[in-house]
Amino acid sequence: MSASFVKGMKCRVCGTTYPVSPNNFCTDDFGPLEIDYDYHSITEAISRSKIEMRTWNMWRYREFMPLDNDPTVGLHSGGTPLIKANRLGKALGIEDLYLKNDAVNFPTLSFKDRVVAVALSKAKEFGLKTVGCASTGNLANSVAANAASAGLESYIFVPADLEKAKILGTSVYGAKVLGVQGTYDEVNRLCTQVAFKHGWGFVNINLRPFYAEGSKTMGFEIAEQLGWKTPDQVVSPMAGGALIGKVHKAFQEAYKCGLLEKEPTTRFFGAQASGCNPITDAVKNNRDQHKPVKKPNTICKSLAIGDPADGYFASRLIRDSGGWGEDVTDDEICEGMLMLAEYEGVFAETAGGTTLAVARKLLQQGKLSPHGKTVLLITGNGLKTQDAITSHVEPPTHIAATLDAFEAVRESLGDFTPLAKTQFKTQLVGV
Amino acid sequence: MSVRVQIPTPLRPSAGDQAIVEVTATKVGDALNHLIEIHPAMGGKLFDNGKLRRFVNIYVNDEDIRYLDMLDTAIKDGDEVAIIPAVAGG
């Protein structure tokens with residue numbers, strides 16, 4: 001890349017501009033800082049055909065990323081499949097359903113590989129040697145893996161009660177892992193203090209303005225995979241609430257810079273677990289500001305952020321775009337995971353189950369339309385949250401290694417049916 | 001009551017370049033008011049028309065005041081009040 005298209009950073013509340021630095025908030029009013037781009041120059045520099053000639057990964061949209069030079073970390077992230085989910089769509093009654101499958105992102109099987117690729121490339125541009133994050137798991141995996149490959153020291157802070165697979169999938173890369181006794185929000189507060197005290201690059205704290213931009217690539221990919229068109233509806237899981245906003249931003253930028261013919265009118269729907277639903281609660285009760293949830297209680301730990309940094313912006317986007325927000329119980333989340341697996345062969349983590357179960361609930365409420373193109377964002381891999389689903393899956397039938405033994409049990413295994421074994425059993429609450 | 005107020009690094013130029021400012025107060029709101037008396041530049045950053053700004057969180061001994069009594073939260077000698085930007089994480 002020859003030139004940077006970044007003008008600086010800008011406060012999302014008061015518009016004050018700042019030079020690029022490892023800082024995430026406005027010193028006038030604590031508002032979040034966002035990257036300020038020169039869209040005119042981006043428009044001149046890119047075109048559909050130029051993008052289409054590039055390798056199929058997130059960096060084909062590099063002009064929209066806040067780096068001064070070519071990326072140096074996470075060079076193979078993004079470029080995940082957009083699956084046309086015909087069987088699932090039919091089962092749910094959604095006409096034109098797609099799954100954006102970041103459960104197979106590289107290197108650590110979640111959408112966080114996109115944001116970390118940007119944050120650590122930027123950390124290297126800043127000359128930082130030590131990086132870190134506050135994480136509910138997926139981010140921990142990705143920071144640890146990408147820091148290892150970039151030769152950076154990493155400090156990863158997670159709630160001590162996190163799923164074993166997510167802790168192991170962090171420690172294995174040689175990261176310094178701190179299991180903090182407390183909720184994610186307490187981990188996050190501690191990390192803010194550590195980041196500023198030591199001047200380290202915490203990807204979702206002082207590097208957050210750069211980090212969050214990586215999520216836009218999920219939106220650019222969806223638009224390109226739909227033939228440079230935006231979907232009518234997007235259902236996004238929400239933890240900190242940034243992803244949903246960044247996908248929206250990507251659609252807007254793609255239009256502004258001439259990659260789309262039609263102005264996007266996508267309606268955005270947000271999904272949370274009922275045991276931690278600050279954003280959907282704010283949407284449903286028409287509150288401007290979310291009420292923080294002190295003690296999240298859900299199997300969906302990756303979404304268990306009680307005090308989401310982007311809660312205000314996410315709930316506003318959902319309402320302004322004509323979408324809605326809903327939350328679902330742990331049982332509904334498990335059923336959602338099974339439906340994704342049995343109908344589409346996608347083993348998503350609990351957040352994926354949440355997103356599907358919320359889509360189903362919104363459809364039954366008449367908030368989500370059965371018509372038009374609908375994309376569900378699948379952000380993480382089910383292999384990381386096996387604990388949540390183990391008791392819901394039938395154990396294998398054990399037999400002797402003989403044909404007779406197989407024939408003896410064959411009938412009890414049942415006939416093949418194109419319908420999934422799992423049907424939604426839970427009664428919908430609040431429909 | 002003497003309490004210590006932690007200032008986040010990027011705001012220290014408005015607080016005499018100090019990491020910690022000692023103030024005297026019995027409630028969190030009074031502690032912040034005392035801080036502003038000492039360093040008036042902090043006033044407009046923390047408050048907007050008398051209301052604590054949306055993206056600033058205040059903690060007393062690591063507990064968020066939204067789970068306590070907000071600005072009326074009582075504080076005692078030796079307590080630590082931390083001003084922490086809210087736009088982190090996720």
Side-chain angles (χ1 to χ4, degrees), chain A residues 11-13 18 21-33 115 133-136 139 182 184-193 195-197 199 202 204-206 208-209 211-212 215 238-243 288-289 291-292 294-295 303 305-314, chain B residues 3-21 28-29 32 35-36 39-71 73 79-90:
Chain A
C11 174
R12 283 184 82 174
V13 176
Y18 291 81
S21 77
N23 183 28
N24 57 324
F25 70 98
C26 173
T27 49
D28 282 344
D29 58 16
F30 290 85
L33 296 184
V115 286
C133 66
S135 175
T136 57
L139 181 59
Y184 173 79
D185 295 302
E186 290 173 292
V187 176
N188 198 35
R189 188 256 308 141
L190 172 63
C191 284
T192 304
Q193 292 169 302
F196 285 110
K197 175 164 185 191
F202 272 63
N204 53 350
I205 297 172
N206 50 345
R208 194 169 191 269
Y211 155 94
S215 291
M238 300 187 296
L243 173 65
D288 231 20
Q289 184 70 11
K291 274 199 211 158
K294 187 173 185 191
K295 294 272 178 224
L303 301 184
I305 296 184
D307 189 18
D310 276 286
Y312 167 75
F313 296 109
Chain B
V3 300
R4 293 152 58 84
V5 182
Q6 281 181 29
I7 312 293
T9 315
L11 256 68
R12 287 180 195 161
S14 303
D17 285 323
Q18 294 177 78
I20 301 279
V21 177
V28 170
L32 297 179
L35 168 72
I36 293 164
H39 300 292
M42 292 294 292
K45 299 178 190 299
L46 292 171
F47 292 95
D48 179 25
N49 284 324
K51 252 186 88 184
L52 198 60
R53 286 189 182 273
R54 190 189 297 280
F55 294 106
V56 58
N57 289 338
I58 308 290
Y59 297 78
V60 175
N61 301 333
D62 298 331
E63 179 69 278
D64 192 325
I65 61 165
R66 286 173 295 174
Y67 302 127
L68 303 168
D69 293 319
M70 294 296 293
L71 294 174
T73 303
D79 277 355
E80 193 110 354
V81 173
I83 299 170
I84 311 253
V87 289

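In the text below, chain A, chain B and the rest are named by the order of the sequence lines, each starting its count at 1.
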Among A:N188, A:D185, A:L139, which residue forms the greatest number of heavy-atom pairs with chain B at distances under 4.5 Å? A:N188
Apply side chain to side chain contact (heavy atoms under 4.5 Å, CB included) to A:K291 and list each qualifying residue two or more places apart in sequence or on a separate chain. A:R287
Between A:T27 (side chain) and B:P10 (backbone), is there a donor-acceptor pair under 3.5 Å? no
Please state whether the side chain, the backbone, both or neither of A:F202 comes within less than 4.5 Å of a heavy atom of chain B. neither
Specify which of A:G240, A:A309, A:C133, A:P308 makes the most heavy-atom pairs with chain B at under 4.5 Å. A:A309
Contacts of residues 80-90 of chain B with chain A (heavy atom under 4.5 Å): B:A82, B:I83, B:I84, B:P85, B:A86, B:V87, B:A88, B:G89, B:G90
Show your working on salt bridge (Lys or Arg N to Asp or Glu O under 4.0 Å) between B:K45 and A:D28 and close with a plain yes or no. CA-CA 5 Å; B:K45 299 178 190 299; A:D28 282 344; 3.6 Å; yes
Is B:D64 in contact with chain A via its backbone, its side chain, both, or neither, using a 4.5 Å heavy-atom distance? side chain
Among A:I305, A:V115, A:T192, A:N206, the residue with the most heavy-atom pairs under 4.5 Å to chain B is A:T192
Name the option with the most non-hydrogen atom pairs under 4.5 Å to chain A; the candidates are B:Q6, B:R53, B:R54. B:R54
Among A:F30, A:F313, A:F25, exactly one meets ring-ring contact (aromatic ring centres under 6.0 Å, His included) together with B:F55. Which residue is that? A:F313
Between B:E63 and A:R189, does any NZ, NE, NH1 or NH2 come within less than 4.0 Å of an OD or OE carboxylate oxygen? no
What part of B:F47 is in contact with chain A, defined as an atom under 4.5 angstrom from a non-hydrogen atom: side chain, backbone, both or neither? neither
